[in-house]
Amino acid sequence: MTDSEPHVWLVTGSSTGMGRALAEAIIERGDRLIATARNVAQIEDLAERGGERFQAARLDVLEPASIAAAIDIGLSRFERIDTLVHCAGAGLVGSIEESSRSEIERVFETNMYGVLNTINGVLPHMRERRSGQIGVITSQGAFQGQQGCGIYCASKAATNAICEALAAEVTALGIGVTIIEPGLVATNFHSAIVQAEQRLPDYDASCGPLRRAVLEGNPPTAHDARLAANAILTALSAPRPPLNMPLGADAVNLVRHKLAFVTAELDRWEDVAVAVKGSQPLPGPGEPWNPLQWGGPLVGSEEG
């Protein structure tokens, strides 16, 4: 690929939410786009705007065959995929105890297994080219669990861990990974959020406000989806994309608050924690790292 050739993006969940905003931003940039959705009719309006640089394809993140077919369609049209952005997701509001097994499985199936299905679909192509960037939209809740949506946060946190491990595995193969953690963005995602069917009065004080809020739509403090999409494109197009990319002041503040909290607890309990020792000391800075021990470098990060 030369600098003059348009970038080729594959975006899942292009019909709604951040996926839709990203698809529109990519078209405005003049890049090539493989826009995917479970219902292709919902993205047909983008075809006129994208012209020859646009390709629609049906893709359900829970159907590996549809993922493979969509990738084949995109490769047949544009010959390569430079960047995958996974946007498809599912929400659940309710306390941990109120959430049923079937409700929990639905969220994890979409938000974790769906991501794995899509990434595993595109990785062989990127490995063969020794080039590519993978962006996965999770949530600020992946960094810190929040009351009223703990199951959703857990599914996104699991995805964060997968992406961090993936970055360590594929950076040497020329493939980058970026975890995108938005705060509250003004999209129609709230309309797809499911409320836990069971409702226990004891959780009305802690989880009731969020249950009511998702029914009211986006507050005026929600971030502009177009600005969020442009920020994502800027990060993923950078010479060294970040491993972690919070979006919005609320997400940045949450990350900083969590880091400060964890640091304070480490300082308070470090003596107790390090009293647990092995027979040999851990490697120091600059010394070889044993892959059988935790605490290795974040390969793919700015420092790694």
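Note: hydrogens, waters and symmetry copies are ignored here, and every other heavy atom, side chains too, is used. Positions are given from 1, in the same order as the sequence printed here.
- When each of Glu128, Arg32, Met126 is checked for a side-chain contact (heavy atoms from CB on, under 4.5 Å) with Arg80, only Arg32 meets the rule.
- A donor-acceptor pair under 3.5 Å is formed between the side chain of Thr178 and the backbone N or O of Pro242.
- Inspection of the Ser66 and Asp60 side chains reveals no N or O donor paired with an N or O acceptor under 3.5 Å.
- When side chains are defined from C-beta on, Leu84 counts as touching Leu10, because their heavy atoms get closer than 4.5 Å.
- Arg58 and Glu63 are joined by a salt bridge, as a carboxylate oxygen and a charged side-chain nitrogen come within less than 4.0 angstrom of each other.
- Here the side chains of Leu46 and Glu24 are in contact, with some heavy-atom distance below 4.5 Å.
- A distance of 12.5 Å separates CE of Met245 from CG of Leu243, quoted to the nearest 0.5 Å.
- Using the six-membered ring where Trp is involved, His7 and Trp9 have ring planes that are tilted, between 30° and 60° apart.
- For Arg77 (side chain) and Glu52 (main-chain N/O), a donor-acceptor pair under 3.5 Å exists by modelled atom type.
- In this structure a side-chain-to-backbone donor-acceptor pair under 3.5 Å is missing from Thr138 to Asn160.
- With hydrogens and angles disregarded, no donor-acceptor distance shorter than 3.5 Å links the side chain of Arg199 to the backbone of Glu98.
- For Ser237 and Arg29, the side-chain atoms include at least one donor-acceptor pair closer than 3.5 Å.
- Panel note: side chain Asp250, backbone Leu184; a donor-acceptor pair is recorded below 3.5 Å.
- Side-chain contacts under 4.5 Å among hydrophobic residues (ILVMFWY), followed directly or transitively, place Tyr203 together with Leu200.
- For Arg212 and Asp204, the salt-bridge test fails: no basic side-chain N is under 4.0 Å from an acidic carboxylate O.
- Residue pairs satisfying the salt bridge (charged side-chain N to carboxylate O under 4.0 Å, His left out) criterion with at least one member in residues 101-120, sequence neighbours excluded, are listed as follows: Arg101-Glu105.
- For His125 (side chain) and Ile81 (main-chain N/O), a donor-acceptor pair under 3.5 Å exists by modelled atom type.
- Between the side chain of Asn111 and the backbone N or O of Gly89, no donor-acceptor pair lies under 3.5 Å.
- Between Glu169 and Arg127 there is no salt bridge, since no side-chain nitrogen of the basic residue lies less than 4.0 Å from a carboxylate oxygen of the acidic one.
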### Task
Determine, stepwise, if the pair Glu164 / Ile179 fulfils side-chain contact (heavy atoms from CB on, under 4.5 Å).
CA-CA 8 Å; Glu164 287 183 350; Ile179 303 164; 3.7 Å; yes
